[in-house]
Amino acid sequence: MASDQSEQSEQSEGSTAHANPAWVLVASNRGPVSYTLRADGELEARRGGGGLVSGLSAIDSDADAVWVCAALGDGDREAVRRTEGRLDPADTGGRRVRMLGIDPGVYADAYNGVANSTLWFVHHLLYQTPLEPSFGPEFRAQWASYETYNRAFAEALADEAADGAAVLVQDYHLALVPGMLRELRPDLRIGHFSHTPWAPYAYFRMLPDDIAEQLLRGMLGADRLGFLTHRWAGAFQTCAASVLGRYDFVSYRPEGEEPHILHPRTGPNRMRTTLGVHGLGADAGFLRERAHRPDVAERMVTLREQIGRAPDGTERKTIVRVDRTELSKNIVRGLFSYRLLLAEHPEWRGRVVHVAFAYPSRQDLAVYRDYTAEVQRVAEEVNAEFGTDDWTPVVLHVRDDFARSLAAYRLADVALVNPIRDGMNLVAKEIPVLSERGAALVLSREAGAYEELGEDALVVNPYDINATAAALHEALTLPEGDRLERAKRLSAAATALPPQRWFLDQLEALQRA
Ligand code: F6P
């Protein structure tokens, strides 16, 4: 770890009084563990995965790093109550985790109202604009909660951080934290990473002007802003220049250097926020090991039975997709495209199966519940239209099962990743690593992964059902040599920046800032 503690001697004004200050801090809404309260009153801890969890494992698990997160539900809030927010390391894999017990009403407004129903929609272009968004008093009340929730994080981080420590704040939930933390602790090195796309300016400006400005200023409290692709970093820079340019924020895109934004002169030196791109990749070592455990082998047997064999006894081809049932994932248009493939190419009937896993997400929001129902309805429609006694065209599973996802990855002939818009999309990177059949990748040009995988994928406009159906046909019929060569290159590109390197690169860049 690059932080040199010996050089950080005396504590500067405003720095922490904490007994065991941290040198590296991560802040995210969802933490690495969540709790459920069992009927017998015991708490059951469930550890999560994902890029951030494996990224953080790159630094020693001893005491000088802390992860600050929010209590998401009743189980978490009970854990906070029992531990005063400092979770039992036995539940966290030895990590120091500080969980914030934010008032449930404030949390619901901040998470469901602002983060998921506003910022997520803006960055993923999800509004049906004749009717929404509509920013009135209800939104203003939610925004006040969002500020309170961000302030709770900023204060906890200020409390935990050693003098000059590096703080890595994650995502749109916490866009105001860098600015708030900068005021509390000017000594810190503050980074913020966006795991989502960034909205184009024309869409971003739907936000009320003062809110748009507050968001950008909040983020620009950071020394460094990280994005998954150059496209999202560029979109942020355009928004910042357009909204804040009149206040003398100046944007630079120098050749050969990272782009940056200079802030209005408030002292002898202008503050500078650098924009960096870190394209999170798949964790090949973890995936390969995990995908060869017995529970995955079991799921492969079951899946093979569900997929079945073609009338001539050969194995049916598979078109695999695995998503959270998230509005931006475009699962319904994926099903429409598959239906069109079967309609236009009858030769595929009985010879291909669409394996679609659509796992629950954000079920507190009605629009997500409706979308899940629509996915199920369309899948049933396709099965009713084309299915036969021994062929189910769409094998849809909606209950989360990681082992089954890995089994599907291994069995994939074609991976379908067609989001309307996506920060990266790790499924596009994971399937090439695990597919045993050298899967062809049908990939939306609006996924962040397109920047790295576009050359070897079959690229689609996610709104174009005809083009997606044609791409599925092409993917199913690619000559074997071409497909295997592409698969090899896709797998190499997908693993170019594994989570640990991704995390360390950001930390080192921040410490250089
Ligand atoms: O996948 C993008 C992302 O922003 C992740 O960084 C983040 O963990 C997730 O979405 C948030 O999802 P949820 O609302 O389920 O926590």
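Counting starts at 1 for both ligands and their atoms, in listed order.
- For a threshold of 3.5 Å applied to N or O pairs, the pair formed by R324 and ligand 1 contains at least one separation below that value.
- Of the possible donor and acceptor atoms, one in the side chain of T318 sits under 3.5 Å from a partner among the backbone N and O of L411.
- The heavy atom nearest to atom 13 (P) of ligand 1, considering only W120, F193, Y111, Y172, is found in Y111.
- Ring planes of H195 and F193: perpendicular class, angle over 60° (limits at 30 and 60°).
- A cation-pi arrangement is present between R404 and F357 under the rule of less than 6.0 angstrom and at most 45 degrees off the ring axis.
- Residue-to-ligand polar distances keep H173 apart from ligand 1: every N/O pair is separated by 3.5 Å or more.
- The aromatic rings of F236 and W198 lie perpendicular to each other, with more than 60° between the two planes, well past the 30° mark.
- Taking 4.0 Å as the cut-off between side-chain N and carboxylate O, R140 and D210 count as a salt-bridged pair.
- Atom numbering of ligand 1 starts at 1 in the shown order; those under 4.0 Å from a heavy atom of R30 are 13 (P), 15 (O), 16 (O).
- At the shortest separation from atom 12 (O) of ligand 1 among protein heavy atoms lies R362 NH2, 3.0 Å.
- Residue contacts with ligand 1 for Q170 are absent, since no atom lies close enough (heavy atoms, distance under 4.0 Å).
- Taking distance alone, with nitrogen or oxygen atoms compared against 3.5 Å, D171 approaches ligand 1 more closely than that limit.
- Using the six-membered ring where Trp is involved, Y107 and Y111 have ring planes that are parallel, under 30° apart on the 30 and 60° scheme.
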